Amino acid sequence: MLKERMLEGKLYQEKLVSAEQAVAAIVAGDDIIVPILPGDPPALLDALEKRNDLSNNRLFQMLSSRPFMKKDPTQLKVISVFLGGGDRKGFTSGEVDLLPNHFSDTPQLLEEITSQRVVMATVSPMDENGYFSLGTNCDYAAPLMKTAEKIILEVNKYMPRTYGLNQVHISQIDYVIENHKPLPEAVIPTITEKDRIIGNYVAEMIKDGDSIQIGFGAIPNAVMESLLNHKDLSIYTEMFPDKLVDLYESGAVTNINRKDYPGKSTATFAFGTKRLYDFMHENENLLMLPVDKTNDIRNISGTEELVAINATVEIDFLGQCNSEKVGTTYWSSTGGQAEFGIGARMVTGGRSIICLHSTTKNDQVSKIVSTLAPGTPISTSKNDIDYVVTEYGVAKLRGKTIRERTQALIDIAHPNFREQLQEDAKNMGYIL
């Protein structure tokens, strides 16, 4: 054992280089893949951006923690698999492209469309057995490391060591750099009265012993605040947000009913504050799994009593949800919303809940609309919609006809818009 540790330590020192030396190994035609923030490697990306000799390279990223690289596209094309603050403006300006996908498909999809793959990621320091942990991440990066031509790691002591299928051994690595800086943290959104009302409605739909999938944002945070007194909840999710720590500390989460991973919460990535990262560090009750496992509809559908909670931008009378564009601006992408929506309705006792405020722009614009504008992406289809919740109530759409769901949505619209929505529905023949 001592001999193995000495060998692993020697390997580490042999592979330890500067960020500039590491990215120098990237050659023309290489496709570079980085994990979701906070797993993307800032020092390596900074060094990559400084290179002026790249040729026919592509960078695949998701929710980047830094502004997008403004490079000549003949040198480097930036492709996002889910737009975030770092690359949203780049898509609008034409300097970043967006790859449509279901989140669970990203490992296979990226393997199909890329060649000469280079995976770069931030990891926790190497343990005594020579393993690094992807920490807050597993997502698509961990599975793609199995077939990558090169793996370059950025070791950061602030990255929590987590457990699951996100471990990589020093023998698999080509280069290692060190960059010890605090991880990027999420800004905790302010919860409004509307959020609290929606949160209470959703919490009333969740029973003790249920499994939940939930993400980040004001409405999800309000939901989690309303779940603090629940019992024996299980966490089966794609993103692990800060507020889930509160559910652990209140005793609401026990994962006692999980059959696949008894006593464990599962996620594919996490993003929050230092409090979350500290909670995750060496926490054996949390497993990080690849997204092709967490978001696979076949796995989701095998989770009993699963409640999937997601948000949308707007919804039309048919029940079609646009969760990706705000006006004419492409804001994000599908993520796992469609997968969990389909999976949850296949679950025994499962429920899929879509949440949204009834209006936007200070109650000047209704988010329940008669029809989506031309060119609007549909994130959740009319055939997969289940429950919809606004601050004005809950509409059960699954099992309802078009006329029935149209009226149900009008009933939870803002009162200022109900008359116009009724008129629109009559003109469309949806209400007689």
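In this text the structure is predicted, and so the values were computed from the model without any measurement.
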Would you say [Y] and [X] are linked by a side-chain donor-acceptor pair, where the criterion is simply a distance under 3.5 Å?
| X | Y | value |
| --- | --- | --- |
| Thr147 | Arg117 | yes |
| Ser323 | Thr312 | yes |
| Thr162 | Ser133 | yes |
| Asn129 | Asp127 | no |
| Thr371 | Asp316 | no |
| Thr348 | Glu304 | no |
| Ser381 | Gln320 | no |
| Asn156 | Glu178 | no |
| Thr74 | Asp72 | yes |
| Gln337 | Asn310 | no |
| Ser104 | Asp292 | no |
| Ser80 | Asp87 | yes |

Hey, what do you get for [atom1] ([X]) to [atom2] ([Y]), rounding to the nearest 0.5 Å?
| X | Y | atom1 | atom2 | answer |
| --- | --- | --- | --- | --- |
| Ile191 | Glu225 | CD1 | CD | 4.0 Å |
| Ile212 | Ile309 | CD1 | CD1 | 5.5 Å |
| Leu397 | Lys400 | CG | NZ | 7.0 Å |
| Thr192 | Asp195 | OG1 | CG | 3.0 Å |

- With Asn56, which residues qualify under side chain to side chain contact (heavy atoms under 4.5 Å, CB included), at least two apart?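 None.
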- Item | Those residues that, when tested against Gln13, pass side chain to side chain contact (heavy atoms under 4.5 Å, CB included) (two or more places apart) | Leu16
So, [X] and [Y], do they make that salt bridge, N to O below 4.0 Å?
| X | Y | value |
| --- | --- | --- |
| Asp386 | Arg345 | no |
| Asp296 | Lys293 | no |
| Lys150 | Asp30 | yes |
| Arg351 | Asp210 | yes |
| Glu305 | Lys207 | yes |

- Note on the structure: Partner of Asp232 under side chain to side chain contact (heavy atoms under 4.5 Å, CB included), picked from Thr254, Asp208, Val253, is Thr254
- Looking at residues at least two apart in the chain, or sitting in another chain, which of them share a salt bridge (Lys or Arg N to Asp or Glu O under 4.0 Å) with Arg66? Asp46, Glu49
Could you tell me which residues satisfy side chain to side chain donor-acceptor pair (under 3.5 Å) with [X], sequence neighbours excluded, listed by chain and number?
| X | result |
| --- | --- |
| Glu20 | none |
| Arg258 | Asp260, Thr266 |
| Glu249 | Arg275 |
| Gln75 | none |

- Is the charged tip of Lys396 near the ring of Tyr387: under 6.0 Å from the six-membered ring centre and within 45° of its axis?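 Yes, a cation-pi geometry holds between Lys396 and Tyr387.
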- Message: Going by ring pair (Phe, Tyr, Trp, His ring centres under 6.0 Å), name the residues that satisfy it together with Tyr248, two or more places apart in sequence or in a different chain.
- Response: Phe279
- Message: So which atom in Thr329 and which in Thr92 form the shortest heavy-atom distance, rounded to 0.1 Å?
- Response: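 In terms of heavy atoms, the two residues are closest at CG2-OG1, 4.1 Å.
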- For Cys355 and Val202 the tightest heavy-atom approach is SG-CG2, 3.7 Å
Atom pairs and distances, donor-acceptor, side-chain atoms in residues 34-42, under 3.5 Å, two or more places apart:
| unit_1 | atom_1 | unit_2 | atom_2 | d |
| --- | --- | --- | --- | --- |
| Asp40 | OD1 | Ser65 | OG | 2.9 |
| Asp40 | OD2 | Ser65 | N | 3.0 |
| Asp40 | OD2 | Ser65 | OG | 3.2 |

Please collect all ring-ring contact (aromatic ring centres under 6.0 Å, His included) contacts where either partner lies in [range], sequence neighbours excluded, each pair once.
| range | value |
| --- | --- |
| residues 123-174 | Tyr131-His169 |
| residues 253-276 | none |
| residues 58-91 | Phe91-Tyr330 |

- Item | His230 NE2: over 12 foreign heavy atoms closer than 6.0 Å |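 Count over threshold, so yes.
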- Message: Looking at Ser211 and Leu306, would you say the former's side chain and the latter's main chain have a donor-acceptor pair under 3.5 Å?
- Response: no
